[in-house]
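To keep things clear, I will list the structure first and then write my remarks on it.
For the numbers below, each heavy atom of this structure counts, side chains included, while hydrogens, waters and symmetry mates do not.
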Amino acid sequence: MPTYTPPLRDMQFVMHEVLKVSDELKALPPHADVDVDTINAVLEEGGKFAAEVAFPINISGDTEGCTLDKTTHEVTTPQGFKEAYAKYVEGGWAALSCDPAYGGQGLPFVVNQCFYEMMNSANQAWTMYPGLSHGAYECLHAHGTEAQKKIYLPKLTSGEWTGTMCLTEPHCGTDLGLLRTKAEPQPDGTYKITGAKIFISAGEHDMARNIVHLVLARLPDAPAGSKGISLFVVPKFQVNADGSLGERNAIYCGGLEHKMGIHGNATAQIVIDGATGTLVGQPHKGLAAMFVMMNAARLGVGNQSLGLTEVAFQNALAYAKDRIQMRSLSGTKAKDKPADPIIVHPDVRKMLLTAKAYAEGARALQCFCAVLLDKELSHPDEKVRKDSGEMLALLTPIVKAFITDNGFEATVMCQQVFGGHGYIKEWGMEQHVRDARINMIYEGTNTIQSLDLLGRKILGNNGASLKKFGKLVGQLVEEEGVNEKMAEFINPIAYLGDQMTKFTTEIGFKGLQNPDEVGAAAVDYLRVAGHLVFGYFFARMAQVALREIAAGSNDPFYPAKLQTARFYFAKLFPETATLMRTARAGSQVLMDTDLALA
């Protein structure tokens, strides 16, 4: 049976030794008193909840799945899910980083993000229920009316109610400009919403008394396309003036999707038949308001794959140490056994180290992005808020696409370590692979993230955001460029940093002549950018490890970190050379293929 141990030591290393999170928080008035001990204590308890409450119902939840009563339209979640959610609410976990004005604990987002990494390792399907609720909370907190905040935020904060995001429809996929759901104004200021939504994660369940659906729809006078979309809050049960639940609203689950993974989460087909809703934000500005939730979800999906990479690595490592098969090519290692543990074989180590490196790089990036969000929301200096938001916007598609691509590769490799046992259900590995594959698709496919990064976030502002990240790389190179012990970590990012300017300019010029050139290069480009970002953080982690060793530390954690960093730069980072070559191959070999695709 699989096991899970929260990676608290590595989280503490990233937050306290590399990113100096508590120092960053001192500049943010809402979080100035959050110190190292507070963060560690919260995450230690959070790890216990993940490992002891959520993890034991992961495989069983995947096996059982959700069931829909087509008569009542009610969904029953797998055994233990409802009880685990009650413990989650009772423990105050839903309120962790929510506004104290609505009953929240007011802790920084970076703490919440680390907690959710552990929850995703333990049980991604279950974690999606409270995870989507937090996104709905953020959206209403940013764009809701005072009345909407008063009604919904305390209940979302406590976890008594959950939330969803109802975006896509059967005919439109990611192209939300095509959506057809209608909103008819009523004399009392409400709206009657009619339409159909699909792929609504956590869209119906039995874990909370009410579900707060955030629904995109069109007003009668809406212009065509994405500029004619408005956002509405449509609760499962209408809410009376005193906050009590009223009659059932005309929004319900018409079917559940049968998916390759995340079986424990109800991916619902939502039917909206004249349901009562209220407008969130301005008319026709719904997509901008929903982007608060969508961007949070993209960071969250990256965190899902980080969680899966970590738990898959832990179990593959344990198996590789225990499973004996053949002898080491360089001579017998376990003389008291009939064969050696498979961890002695180079390619097994390569697979394990790939997963470990991708988990540790992703953790550093996720924590960095979470601090950026905290600064964007709470820093007193407007320029810092703006710069943090711009950097976060640049990194969000990398978090979503690079981490999920890596997560799938890592979980497949960890499954491979198990050999034939890897596709046997009780080992848990095949579930991680299935779940990880989904993360590459939803919340905007990774190709869409690549187009967003290259087309909008980089070429869209003439590389200004990329130059800001390049300055971070340049500062580290300048700081450590003459340190021989850092050369193996600094030289690769210095070289790629210089290459990126020329590479980006070249694609940009070609794109001006033929926009398909951007589409043809985008996926490869994002992976190059992802490696530059990971390389930067691995260099920073190596920098700290070397300093601690030089100061006399005997903690094996630091030389282990250096070994992982060396593996990353030697075996994974060089992918960038191939990617730049394939990106430069251009669009003609893709688009001039009508006969091949006839």
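- Counting only distance, with no hydrogens or angles, the side chain of N249 and the backbone of I251 share no donor-acceptor pair below 3.5 Å.
- A side-chain N or O of S244 and one of N240 form a donor-acceptor pair less than 3.5 Å apart.
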> Would E90 and K87 satisfy salt bridge (Lys or Arg N to Asp or Glu O under 4.0 Å), going step by step from the backbone distance to the final call?
Replying inline: CA-CA 5 Å; E90 181 182 351; K87 291 180 181 177; over 6 Å; no
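- Proximity of a side-chain donor or acceptor of D10 to a complementary backbone N or O of E360 within less than 3.5 Å is not detected.
- No donor-acceptor pair under 3.5 Å is formed between the side chain of R298 and the backbone N or O of P397.
- Pairs engaging residues 422-441 under the ring-ring contact (aromatic ring centres under 6.0 Å, His included) rule: Y319-W427, F418-W427, H421-W427 [sequence neighbours left out].
- For Y85 and Y129, the ring centers sit 6.0 Å or farther from each other.
- Around CD of E426, the count of heavy atoms belonging to other residues, nucleotides or ligands within 6.0 Å exceeds 12.
- Under the 6.0 Å cut-off for aromatic ring centres, F199 and Y442 do not qualify, their centroids lying 6.0 Å or more apart.
- A pairwise comparison of heavy atoms in F534 and Y358 identifies CE2-O, 3.9 Å as the closest pair.
- No donor-acceptor pair closer than 3.5 Å links the side chain of Q148 to the backbone N or O of H143.
- Using modelled atom types, one side-chain atom of E169 and one backbone atom of T181 make a donor-acceptor pair closer than 3.5 Å.
- Note: Y116 and H134 have tilted aromatic rings, judged against thresholds of 30 and 60 degrees for the angle between ring planes.
- For residues 236-262, the ring-ring contact (aromatic ring centres under 6.0 Å, His included) pairs, not counting sequence neighbours, are H73-Y252.
- Between K48 and E45 there is a salt bridge, with a side-chain nitrogen of the basic residue lying less than 4.0 Å from a carboxylate oxygen of the acidic one.
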>> Determine whether T396 and N295 satisfy the following criterion, side-chain hydrogen bond (donor to acceptor under 3.5 Å, both in side chains), listing intermediate values before the conclusion.
In response: CA-CA 7 Å; T396 294; N295 283 328; 5.2 Å; no
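- The existence of a salt bridge linking E160 and K155 is confirmed by a sub-4.0 Å separation between a basic side-chain nitrogen and an acidic carboxylate oxygen.
- Across all non-hydrogen atoms, the minimal contact from H213 to I270 is CE1-CD1, 4.4 Å.
- Salt bridge R363/E117: present, at least one basic N to carboxylate O contact under 4.0 Å.
- The two residues T77 and E64 have their closest heavy-atom pair at O-OE2, 4.2 Å.
- The minimum heavy-atom distance linking A266 with V75 is given by the pair CB-CG1, 4.0 Å.
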What donor-acceptor contacts under 3.5 angstrom involve side-chain atoms of residues 54-62, with partners at least two apart or in another chain?
unit_1: N58; atom_1: OD1; unit_2: Q431; atom_2: NE2; d: 3.1
unit_1: S60; atom_1: OG; unit_2: I57; atom_2: O; d: 3.4
unit_1: D62; atom_1: OD1; unit_2: H263; atom_2: ND1; d: 3.1
unit_1: D62; atom_1: OD1; unit_2: R434; atom_2: NH1; d: 3.4
unit_1: D62; atom_1: OD2; unit_2: K425; atom_2: NZ; d: 2.3
unit_1: D62; atom_1: OD2; unit_2: R434; atom_2: NH2; d: 2.8

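- In this structure, K192 places its NZ atom where more than 12 heavy-atom neighbours from other residues, nucleotides or ligands lie under 6.0 Å away.
- Side-chain atoms of E376 never come within 3.5 Å of backbone atoms of L392 as a donor-acceptor pair (strictly under, hydrogens ignored).
- Annotation for S133 and L156: closest pair O-CD2, 4.4 Å, computed over non-hydrogen atoms.
- Residues E409 and T354 bring no donor and acceptor atom of their side chains to less than 3.5 Å of each other.
- Judged purely by atom type and a 3.5 angstrom limit, T190 has no side-chain atom pairing as donor or acceptor with the backbone of Q186.
- Across every non-hydrogen atom of Y152 and V212, the tightest pair is CD2-CG2, 3.8 Å.
- Panel note: side chain D69, backbone E74; no donor-acceptor pair is recorded below 3.5 Å.
- Using modelled atom types, one side-chain atom of Q415 and one backbone atom of G422 make a donor-acceptor pair closer than 3.5 Å.
- Here the side chain of T411 pairs a donor or acceptor atom with the backbone of F408 at under 3.5 angstrom.
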